[in-house]
Amino acid sequence: MYGDLVKFNTSRKLLDLFGKKVLEKMVGAAVTMLGTSAAIYEENGDYAAKRCLSEYCKLLDSASRKLCRTKDDEKALKSGRWLCRESCWTQASRRSIILRRPVDIECSGGIRVYAVPIVVRSEAIGATNFGYGTPPTSAEKLKEIAKRYKVSISDVELAARRYVPRPDSIIKAAKENLEIKALNIGRVYELKKLADELNATNQQLKAANQQLSSTDQQLRASNQQLRAHEQQLCAANQQLRATEQQLRASNQQLRMETSEYKRAMEELKESEESLRVILDSANDGILITDMEARKFYIGNKAICKMLGYSLEEIQKLGIMNIHPKKDLPWIMEAFEKQSRGKLAISADIPVKRKDNSIFYAAINVNPVTITGKRYTMGIFRDVTGRNQAEASLKASEGKYRTLIENVPQRIFCKDRNSVYISCNKNYADDLKIMPEKVVGKTDYDFYPKELAEKYRADDKRIMESGKIEDMEEEYVVDSQKRFVRAVKTPVRDEKDNVVGILGILWDITEARKARETLVKSEKLASLGRLASDMAHEVNNPLMIISGKAQLNLMEESKDEKFKKDFQIILDQCDRAKNIIHRLLVFSKPSKGEVSDIDINEELESVIGLIEHQYSLRNIRIVRHCEFSLPVIKVDEKQIEEVFMNILNNAADAMTKGGTITISTSKEADNVRIDFKDTGIGMTNETLTKIFEPFFTTKDGGTGLGLSVCYGIIKAHGGEIRYESEAGKGTTATIALPIKKRAKT
Amino acid sequence: MYRILVVDDEREIVNVIGKFLSIKGFEVVKAYGGVEALEIITKVDERIDLVILDKKMPNVNGITVLKEIKSKRSDLPVVLLTGSIDMHLLEDAKAMGYTDYLIKPVHFEELLEKINKRLAKEGE
């Protein structure tokens with residue numbers, strides 16, 4: 001016989017799940033019912049439970065164990081000679097696992113074996129089986145079995161006869177029972193799995209929970225720290241409050257001291273007031289100046305009236321503020337002379353009132369010492385009679401001012417030194433100041449240095465010659481260049497001395513632009529007629545010259561040297577034809593085929609033609625293209641010619657190589673293309689002439705390239721302009737309308 | 001042998017083109033101006049296979065000749081020669097169905113190519 005086979009179970013899935021006892025009971029139920037044998041297998045064939053009940057099964061099972069020729073049960077199981085094991089496991093149960101369905105076979109002992117797989121989630125984890133049916137009765141069959149199992153035929157016959165046959169109904173019930181059992185084992189296994197998973201999750205949750213509680217404790221700890229800080233703050237706050245009370249106490253003391261100081265001040269004021277009464281009773285203006293602070297220390301009523309300031313205002317001023325800026329040097333000199341006793345009185349000193357008007361005063365300056373400090377006392381006397389004259393002057397000035405403010409021109413007046421005396425509102429508006437603020441300023445305060453210098457020179461010339469000049473000149477408003485017509489008149493005093501200059505300006509920027517355009521288009525029109533006539537007149541003789549040359553070239557007998565000459569004649573005819581053609585295009589751009597063009601693509605195709613050639617000249621092309629530009633209606637060939645011309649000019653300006661940056665963008669209703677080069681640039685003089693036909697700076701240039709560009713772009717309703725700085729580079733800008741405008 | 005009528009008010013142009021065409025194996029009929037050209041065209045028995053026509057001529061210009069050809073011999077191919085591109089006149093010519101033009105001074109190979117093309121078309 002053999003020992004317990006379950007102990008060799010290494011898989012232990014089912015064994016551990018149910019335990020040995022439960023499994024044995026499960027097997028036992030089937031065996032009792034059928035009186036045979038039964039087993040439950042793990043997936044790999046290990047026994048979870050095994051039971052043999054019938055004498056027949058017992059006989060054959062132990063007989064076939066002996067056939068294994070080994071004492072070791074484990075080796076016997078794997079020997080393949082244990083016939084009952086081979087029938088029950090290998091042929092029945094293992095097959096049912098592979099097939100995932102019940103298997104019903106005849107066993108090597110002549111009865112039947114029914115095996116059912118145990119399936120969990122469509123995966124077999126084991127099988128269960130039993131033997132059933134009555135052992136064979138025929139002598140022949142029994143003899144065969146006895147021979148197979150190497151037992152005596154009488155033993156087999158006896159054991160077979162002693163089996164009590166079971167009705168079919170019992171067998172059927174047992175099979176169903178086995179199926180249900182397999183199903184239940186599977187279910188329980190699945191549940192166990194789920195329980196295990198739940199358990200694992202549960203443990204994870206527990207771990208997380210522990211972490212949470214430790215975090216919570218940390219939080220509590222930091223909360224306590226915070227509270228401690230808060231308490232510290234409270235303490236600091238209390239200290240602060242204590243300090244504040246101390247401060248209040250010292251403040252009160254200070255107040256008491258202040259009131260004492262006030263009393264002293266009041267006493268002082270009383271004495272000052274008596275002094276003031278004396279000062280104010282004087283008819284002359286009196287000003288006492290603190291020479292160190294260069295501020296007025298005190299003044300009397302009369303001086304306030306003269307200057308138009310209140311006393312408080314006067315105390316904020318100094319000598320600089322009450323005399324015209326330009327006169328200060330000599331006034332200061334006069335005062336100084338006087339204080340040294342070299343001059344009795346400074347007469348006819350111009351004094352500026354608060355409203356910037358000027359009066360003339362005789363001023364007597366004396367040094368005085370008050371409470372040990374040095375001051376200067378000036379006594380002002382309005383020069384007699386002038387006041388009245390001035391009043392009438394003011395009245396007439398009012399009339400003229402009305403006149404001046406209501407003309408549309410800009411009007412200004414400057415003194416002998418080109419310092420502004422006055423201007424009208426129109427002029428002041430351009431300068432972005434109030435008209436009265438112009439007084440004392442010069443052109444250098446408002447205009448770029450170059451322009452200011454020019455104005456200054458003009459002023460000087462006019463004042464020296466004494467002649468009126470009428471000129472067109474540049475002018476700047478909002479840092480924009482404009483053009484004005486300027487009439488500048490020297491201003492004379494009653495003795496006929498030139499004392500200043502009067503300027504009247506008209507803005508003629510728009511008119512000038514219109515005139516320039518007119519001149520340009522007239523030039524173009526006449527050039528167009530000329531070109532058209534010339535084309536006819538010149539091309540006919542060219543046809544004859546070229547024709548004759550071609551005929552000569554065709555003659556085989558001709559000398560090579562002649563042929564070369566004729567070829568040159570032919571080439572030059574083509575050149576002349578080309579010049580005339582370009583002239584025509586420029587003066588009367590043909591309306592060729594117009595189609596929808598993507599400017600970026602167009603640029604690419606032109607760049608493609610030249611890029612290689614440029615790279616040999618160390619010229620790099622950089623593109624900054626705005627994608628998805630709207631397509632525009634243009635004559636592709638003509639626009640190509642424009643791009644080519646501009647690029648060639650840019651390249652020619654960069655003899656040592658450089659970069660051409662091409663950018664495209666959408667700007668308002670236009671597509672804008674910029675060609676920026678790093679070449680030698682142009683002077684302003686060159687810049688004004690570049691579009692003129694036949695103007696060229698290149699050796700062998702026709703001077704038609706940019707004229708043609710101009711003609712083409714204008715015909716497309718676009719704009720072309722050049723900006724350049726000598727030595728730095730040039731930028732050509734083209735704007736082409738998205739919706740084609742009428743030809744201008 | 002194709003007969004080609006060469007029309008230009010400049011004698012030398014007619015001669016130089018004529019000489020070229022003879023070298024290339026054409027029979028050349030010469031007209032030194034629009035009036036002469038009209039005379040030749042209106043002669044019914046005069047066989048002409050193609051006309052090379054100057055556009056700008058005094059008295060009767062190329063366009064007038066072209067109109068006459070259009071009304072009298074609408075199937076006669078014409079190659080127009082012009083001293084300059086005058087779009088308006090060319091558009092008129094185009095409207096009459098004549099799209100072939102060359103700008104003077106012409107290259108003979110180009111002229112020959114145009115002639116052969118037109119004659120090949122007529123031959124179809």
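All values below were derived from every heavy atom in this structure, side-chain atoms included, with hydrogens, water molecules and symmetry-related copies excluded. It should be emphasised that the depicted structure is a prediction, and the values quoted were computed from it without experimental measurement. Lettering follows sequence order; numbering is per chain, from 1.
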Any donor-acceptor pair under 3.5 Å from A:Lys577 side chain to B:Ile103 backbone
yes
Side chain to side chain contact (heavy atoms under 4.5 Å, CB included), that's the test. Do B:Lys19 and A:Gln550 meet it? Break it down for me.
CA-CA 11 Å; B:Lys19 190 164 179 200; A:Gln550 288 181 75; over 6 Å; no
B:Pro105 and A:Asn539 have their tightest heavy-atom pair at CD-OD1, 3.7 Å
Give the minimum heavy-atom separation between A:Ile544 and B:Glu10, together with the two atoms involved.
CD1-OE1, 3.8 Å
Does any backbone or side-chain atom of B:Leu81 lie under 4.5 Å from a heavy atom of chain A? Answer side chain, backbone, both or neither.
neither
More than 12 heavy atoms from other groups under 6.0 Å of CD on B:Glu113
no
Side chain to side chain contact (heavy atoms under 4.5 Å, CB included) between B:Ile23 and A:Met554: does it pass, once the steps are laid out?
CA-CA 9 Å; B:Ile23 293 170; A:Met554 282 162 67; 3.8 Å; yes
Sub-3.5 Å donor-acceptor pair from the side chain of B:Glu12 to the main-chain atoms of A:Asn540, do we have one?
no
Tell me whether the count of non-hydrogen atoms from other residues, nucleotides or ligands lying under 6.0 Å of CZ in B:Arg11 goes above 12.
no
Starting at NE2 of B:His107, measure out to OG of A:Ser546 and round the result to the nearest 0.5 Å.
6.0 Å
Excluding sequence neighbours, so at least two apart, what forms side chain to side chain donor-acceptor pair (under 3.5 Å) with A:Tyr722?
none
Please enumerate all residues that pass ring-ring contact (aromatic ring centres under 6.0 Å, His included) together with B:Phe20, with sequence neighbours excluded.
B:Phe108
